[in-house]
2 protein chains.
Amino acid sequence: MSDLLRRLRGRGWRMTSQRRVVAEVLDGDHVHLTADEVHQRAAARLPEISRATVYNTLGELVALGEVLEVSTVGRAKRYDPNARTLHQHLVCSGCGMVRDVHPVGDAIGDLPEEERFGFTVGSVEITYRGVCPGCA
Amino acid sequence: MSDLLRRLRGRGWRMTSQRRVVAEVLDGDHVHLTADEVHQRAAARLPEISRATVYNTLGELVALGEVLEVSTVGRAKRYDPNARTLHQHLVCSGCGMVRDVHPVGDAIGDLPEEERFGFTVGSVEITYRGVCPGCA
DNA sequence: TCCTACGATGGACTTCGTCCAAGTCAAGAA
DNA sequence: TTCTTGACTTGGACGAAGTCCATCGTAGGA
């Protein structure tokens, strides 16, 4: 994740201990934490960090395209640091676990012209739902 | 929508004016209202209807499989009465408009075995994002 | 080392949704 | 038709998730 920190610094981000901790919490594959979970983990390292700062920092990371918002599980938004690799999500209906997956095929191409209603289609989000081995 | 009312009656639903109004508000294609919008439109016909009743009724319709929850636009859940025909959604990034669409192809089949992590995959939700003619 | 604009803080506020106790009423029984 | 009863509705309290804002603090350039 020092990669991320380096990129952020290159974009003129003022580096604060709070932002560093949030960025470090959001590290790894198959990470899909809620804002509250990010706050809890960040607070474990930096007890004074406030909820507002976590929301601000997450919002900035999303705006910079470094982190994706995923709204497919439960009520709260989840934050996916794996924004640099195109991928989709596989969600367990039992425990809510989320895995990053890479389907083959061309989902956008599968939408016929007459089904586009004149829209310019730019992207597609796919959520597979199923039951994980642990819940089966 | 009297179709829906008939089916609900057949399932032993006690028919009340509140439930009838909610079911009538949820009529048509490309309808994706929030609970609050359903409440507003229902209240236009039945001013005393309470928010709790709208939430209860929507929850029952979802549980019966007559209505789908769509969580792809904005914060609030939206309710899609077109549950009897398999379809996906096309969302305008500008105004938030949602259209029902029918892609060709086999999205579930496009997920390779080694990308399933042992899950039993049961369904797939696809959200196309783009810009509608009005916003372009 | 000093300045200052950018960032952090926490508490109030909004939105969306759920829960509950009490009152109401749809629809079957008589 | 009237009675009865349990399912349904109501409104207000509550809770979770997220936003806003005035004020304070500090990163990093001069």
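For the numbers below, each heavy atom of this structure counts, side chains included, while hydrogens, waters and symmetry mates do not. Numbered from 1 within each chain, the chains take letters A, B, ... in sequence-line order.
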Report yes if a donor N or O on one partner sits less than 3.5 Å from an acceptor N or O on the other, where the partners are the side chain of A/Arg51 and the base of D/dG18; otherwise report no. yes

Nearest whole angstrom, please: distance from the C1' of D/dC21 to the OH of A/Tyr55. 17 Å

For B/Ala52, which contact category applies under a 4.0 Å heavy-atom criterion: base, sugar-phosphate, or nothing? base

Are side-chain N/O atoms of B/His89 and B/Asp80 paired as donor and acceptor at under 3.5 Å? yes

Let me know, please, whether B/Ala35 or A/Thr57 comes out on the 5' side of the other along DNA chain C by nearest nucleotide. A/Thr57

Residues B/Arg84 and B/Glu66 bridged, charged N to O under 4.0 Å: yes

Would you tabulate the nitrogen or oxygen pairs shorter than 3.5 Å linking the protein to nucleotides 27-30 of chain C?
residue, atom, partner, partner atom, Å
C/dA27, OP1, B/Met15, N, 3.0

How many Å lie between CG on B/Leu33 and C1' on C/dC16, as a whole number? 16 Å

How close or far is atom P of D/dG25 from atom CD of A/Glu48, stated in whole angstroms? 13 Å

Nucleotide D/dC24, atom P - distance to CD of A/Gln18 in whole Å: 18 Å

As a test of reading the structure: which of C/dT18, D/dG18, C/dA8 is closest to the side chain of A/Arg75, going by heavy atoms? C/dT18

To the nearest angstrom, how far is B/His39 atom NE2 from C/dT15 atom P? 16 Å

D/dA17 C1' sits how many Å from A/Asn56 CG, rounded? 15 Å

Does B/Ser17 or A/Thr34 map to a spot on DNA chain D nearer the 5' end, using the closest nucleotide for each? B/Ser17

Going by an N to O cut-off under 4.0 Å, is there a salt bridge joining B/Glu115 and A/Arg99? no

Check this for me: A/Arg41, atom CZ, are more than 12 non-hydrogen atoms of other residues, nucleotides or ligands nearer than 6.0 Å? no

Going by atom types only, do B/Asp36 and B/Gln40 share a side-chain donor-acceptor pair under 3.5 Å? yes

Between CD1 of A/Ile49 and P of D/dG25 the distance, given in whole Å, is 17 Å

Expressed in angstrom and rounded to an integer, what is the separation of A/Arg19 atom CZ from C/dT9 atom C1'? 14 Å

Taking atom types as modelled and ignoring hydrogens, do the side chains of B/His30 and B/Asn82 form a donor-acceptor contact shorter than 3.5 angstrom? no

When the nearest nucleotide of DNA chain D is assigned to B/Gly12 and to A/Tyr79 on a heavy-atom basis, which residue is associated with the more 5' position? B/Gly12

So that I can tick it off, tell me whether A/Glu125 and B/Arg129 are bridged by a salt bridge, with the cut-off set at under 4.0 angstrom between side-chain N and carboxylate O. yes

